[in-house]
Structure formats: C-alpha cells, structure tokens
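This chain uses plain numbering: 1 for the first residue, then up along the sequence.
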Amino acid sequence: MSRGTMVNAFDRATARLNPAEEALVSRREAALGPAYRLFYETPVHLVRGEDVWLYDTDGNPWLDCYNNVASVGHCHPRVVEAMAKQAATLASHTRYLHEGILDYAERLLGYFPPELSHVMFTCTGSEANDLAYRIARAATGGSGVIVTANAYHGVTLATAQMSMSIGPAVAPGPEVFPIPAPVAANYPQGVAQGFAAAIREACARMREAGIRPAMLIVDTIFSSDGLITGPEGFLASAADAIRGEGGLFLADEVQPGFGRTGATMWGFQRHGVVPDMVSMGKPMGNGYPVAALAMRPDVIADFGAKARYFNTFGGNAVAAAVAGAVLSVIEDEGLMQNAQTTGAAFLAGLDQLAARHETLGSRRGAGLFLAVDILKDGQPSAEEAARVVNGLRDQRVLISASGAKGDALKIRPPLPFRPEHVGRFLEALDTVLS
Ligand code: PMP
C-alpha cells in the first residue's frame, strides 16, 4: 500500500506473461481502467484456494503468506456452509427483526471490554472508519483528525484523505494532521511520551488553522507504517493525549483484529487501553464483505438522536451467519493460540536465517503478523525488498512489502499456518537470498 513500495511495479515490457495472461492483462486494462495495480513484476493468476494454499491454472500450489482476508483459511468449509445455508434461507437487511444479527452482535461484543457495548455493521473497513468519523464529529463538535505518516484507512473521500500511504494527490485532507510513526528513531525521548506529545502538538496546529480535534485514528499494529509491534502500552498515553484535547481515540483493527496478533483478539489490548471506537473488517467474514464499528454508548448518543443509520448490505442475515461461523472457527480450531505459537516459531526461524544473511535487518512480529527490514550494503533498501518479494513469488510463496519506503517484508499468512509452512517459507527465503 505504500507510496515507495515497488512490488506492484508490474511492467508489461519486462513481465513474463504467457498468451493467456497477456490477454487477461489487456482485458483488465480495457475494462477496469488505469487506477488498478497488479501485485508483482509478473502477476499471478489464481483460480482456487484451500487452507493456506492457492492454486494456479496448472494446479500448482502457491503458499499464501500474505492473506489477511481468508484469515481462517481459504474457502473454509464451515464458513462456506454457513453462507450457503443462510443465502438459501433468507437474505434480509437490518430493518426487519431477525435473531442472526443480534446473536452475532452479542457474541462479538463479548470479545470487547464492557465499556464498548454497541456495535454497528458495514460492508467494508473504509465504511466503518467513515462512519466512525461522522460519529466523532457529532460527539466532539470538532472535525480534525490525527493519523500516522504512512497510514492507510480506506477508500471513501474522508478515509482516503486520512490515508497518507496513497500519496500526496489525496492525503492529507484539509482537516487531517499527520504525525511521525511511533518508532524510537522518530521519538528519541521515548515512544510513549514522544507520540503523545506529537498528538498534542498536532492539536495545537489544528487549532491555529481554526479546526477543533475530532479523533486520533491508528491501525494498532501500524501495518502500512512498517509494522510497529511495540513497545506495548504506548497507545494508552496516546489515547489520554487525544482525549485531553477533546477528541476520541479510534482503534482501526481491520488489520490486527480477530486474533492475528496471537496473545489477544484485538491489537489495542496489547496496549492495555480501551478505545472510544473500534473498526473491524477484512478477516471478519473470511472473504464475505462484512465489517463493523464498536463503540461506547455515550459516543454514539448524539449521532443516534439526530441521524438514522441504515446500510443496505451491512449486517444482512448472510453477513451475520458468515461472521458467526468465522468466530466459531477461530474458537474451535484454537487459531489465536496457533497464531501465537506458530508466530513465535516463525520469528525464531527468521532470526536464525538472519544470522546467515546480511540482507535481513531488524525483525519484529506479533502472532502471525511479522516484518523484516531488508538491507543492501547495510542500508534499508526498497529495491532489494522488491527483489526478495518477486523472488519469493518465483518460488510460489506470496508476501508483500510495507513501510513508508517499502523496505520491509510484510508476512501475514492465514491463521491455520503451521510449522511445516514456516519451514517452506524459510527455505524459499534462503534460496532467494543465497
Ligand atoms: N484500515 C486498514 C488498517 C486497512 O488495512 C484497510 C484495508 N487495507 C482498511 C482500513 C480499509 O478496509 P476496506 O478495504 O475493507 O475498505
């Protein structure tokens, strides 16, 4: 997603396309227009998925180390069955009485601290963040938003303007105030203290521009900022800082949510903080478009009194059935625990490999969300990261790069990832680096 990332640098002149792929690329360009991007220098054509594997037209298996949507495994039979069964029974919206949405809402809220006791449904993470912004504006009377320097929060006008990683043609919007990502290099006085101070300073700049603060939004694992897993706890002082300025704290859990970080269901829990609102999406429906926003009741009171909310597809009966099945799979297959144990083994394996390859710089991870900085001549290198990502692609192993400069490998496999898959990844990485 980042501006500097080169892994999307598909170039027709250098790509190795067979005639069928050549034809698909032409049809894409003709039908979808110029704004879409393909992953990899030579794109991948996939036709089927199962568990942590994807299959191409020749039936070759590709190891998926990147998919955060099919999080409980591609085409999980229990999820597919729940979807088909509900779609064959009733596909209604939220304007009729139905148990499905309530059963799911109550179950989902059970995973949150008791303060967050309402949940509203959307179809995408962008919509959830957009709704949160409308609610924050109503609750605070302000309109200013603080984001991190390479944030990504969505595709609507408001959320695209909060998404620094899309680039300067779009972000920051006039009411959006970016601050440096919470890493030690940006805050030598200490990340917790420095990041909180940056929030207060951004609010001061806002007020000078005649804008009052509405909210701080952060992806609690800072995925597009290069994956920032610690120090655990620093988001608590960030939440204090924005609340002290009259704004709300929105935790964007679209990336880390639903158990990926291993020890906790949500990324914000790693920081011991209770947000005012929490947005969710991507893995929530394992591929079916379902997303949500959880919040404290006092935060939505004003908005609820003045505006009505209806989202045609958000929280429909099929969405609720699918999302419920996803939760059941996470619970029954112990996927959070697996994310923790397999993630720890993965990180240890990367450490071992780094002892032999100077290309591998700093490594970090939380559960099955991992990143490795890629170096060339001792310096972070986006070009080298792109070479590694494309090299792994040639080994039929799928990942991408992240960070403001695109110089970190981003590794984010489906949660049923097992030690043998870690072994296969490390073997492929060893080959690419050798
Ligand atoms: N927030 C974050 C942190 C995301 O990574 C994304 C999607 N990449 C979104 C929001 C937007 O979600 P969606 O694409 O479902 O609109």
Side-chain angles (χ1 to χ4, degrees), residues 1-77 79-80 83-84 87 123-124 152 155 166 282-283 285-289 322 374 382-402 406 409-414 416-417 420-421 423-434:
M1 275 302 174
S2 59
R3 260 167 288 161
T5 294
M6 295 187 62
V7 289
N8 288 339
F10 164 66
D11 178 352
R12 208 166 180 162
T14 52
R16 292 159 280 130
L17 298 172
N18 65 34
E21 289 161 352
E22 187 78 49
L24 285 179
V25 168
S26 296
R27 284 174 61 198
R28 270 178 69 97
E29 285 169 0
L32 307 184
Y36 282 84
R37 301 288 184 276
L38 283 161
F39 271 155
Y40 304 113
E41 281 168 13
T42 296
V44 180
H45 180 194
L46 301 163
V47 292
R48 191 170 75 78
E50 187 182 342
D51 191 36
V52 302
W53 297 98
L54 291 159
Y55 295 87
D56 63 23
T57 42
D58 295 325
N60 295 309
W62 295 66
L63 184 62
D64 187 354
C65 303
Y66 194 61
N67 203 310
N68 190 21
V69 175
S71 193
V72 302
H74 287 278
C75 309
H76 194 290
V79 178
V80 174
M83 188 188 309
C123 305
T124 66
Y152 183 79
V155 295
I166 301 179
K282 280 189 190 288
N286 211 52
Y288 187 95
V322 167
I374 295 297
E383 286 75 15
E384 189 63 11
R387 191 189 72 78
V388 173
V389 167
N390 284 297
L392 285 170
R393 174 239 174 267
D394 291 344
Q395 301 277 319
R396 298 204 186 105
V397 170
L398 302 174
I399 61 159
S400 189
S402 158
L409 301 185
K410 177 157 134 191
I411 309 167
R412 195 187 47 183
F417 215 69
E420 67 261 32
H421 305 127
R424 170 80 192 87
F425 176 90
L426 294 172
E427 205 180 277
L429 183 57
D430 197 11
T431 305
V432 171
L433 296 175
S434 296

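- Using a distance-only test at 3.5 Å, with no hydrogens or angles considered, a donor-acceptor pair links the side chain of N390 to the main chain of A386.
- With salt bridges taken as basic N to acidic carboxylate O contacts below 4.0 Å, none links R27 and E29.
- Residue T57 holds its OG1 atom at 9.0 Å from CG of L46, rounded to the nearest 0.5 Å.
- Side-chain contact check for D64 versus Y66: some heavy-atom pair is nearer than 4.5 Å.
- Nearest heavy atom pair, residue P43 against residue A15, reads CD-CB, 4.5 Å.
- Two residues are said to be in side-chain contact when any heavy atoms from C-beta on lie closer than 4.5 Å; L63 and L398 fail this criterion.
- Residues E22 and R12 are paired through a salt bridge, judged by an N-O separation under 4.0 Å between the basic side chain and the carboxylate.
- One finds the CZ atom of R28 at 12.5 Å from the CD atom of E21 (value rounded to the nearest 0.5 Å).
- N67 contributes atom CG, which lies 13.5 Å from atom CD1 of I399 (distance to the nearest 0.5 angstrom).
- Rounding to the nearest 0.5 Å gives a distance of 7.0 Å between CG of L429 and CG of L426.
- Within the 4.5 Å cutoff, the side chain of V44 has heavy atoms near those of the W62 side chain.
- S71 has its side chain within reach of N286: a pair of non-hydrogen atoms, C-beta onward, lies under 4.5 Å apart.
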Under the side-chain contact (heavy atoms from CB on, under 4.5 Å) criterion, do H45 and D56 qualify, and how do the steps go?
-> CA-CA 6 Å; H45 180 194; D56 63 23; 5.8 Å; no
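- Taking all atoms of both residues into account, the shortest heavy-atom contact from A401 to G406 is CB-O, 3.7 Å.
- No donor-acceptor distance shorter than 3.5 angstrom exists from the side chain of D51 to the backbone of W53, with no hydrogens or angles considered.
- Between F10 and F39, the distance separating the two ring centers is not shorter than 6.0 angstrom.
- A salt bridge links D394 with R16; the closest basic N to acidic carboxylate O contact falls under 4.0 Å.
- The CZ atom of R387 sits 4.0 Å away from the CD atom of E384 when rounded to the nearest 0.5 Å.
- Judged by distance alone, with hydrogens and angles left aside, the side-chain atoms of R48 form no donor-acceptor pair with the main-chain N or O of Y55 at under 3.5 Å.
- Looking only at distances, no side-chain donor or acceptor of D58 sits under 3.5 Å from a matching main-chain atom of N60.
- When all heavy atoms are compared, the tightest approach of Q395 to A428 is CB-CB, 3.9 Å.
- Atom SG of C65 and atom NZ of K410 lie 14.0 Å apart (nearest 0.5 Å).
- The two residues C75 and G49 come nearest to each other via the heavy atoms SG-O, 3.4 Å.
- Between V79 and Y288, the closest side-chain pair of non-hydrogen atoms is not below 4.5 Å.
- Put simply, the side chain of R393 never gets that close to the backbone of E41: no donor and acceptor are under 3.5 Å apart.
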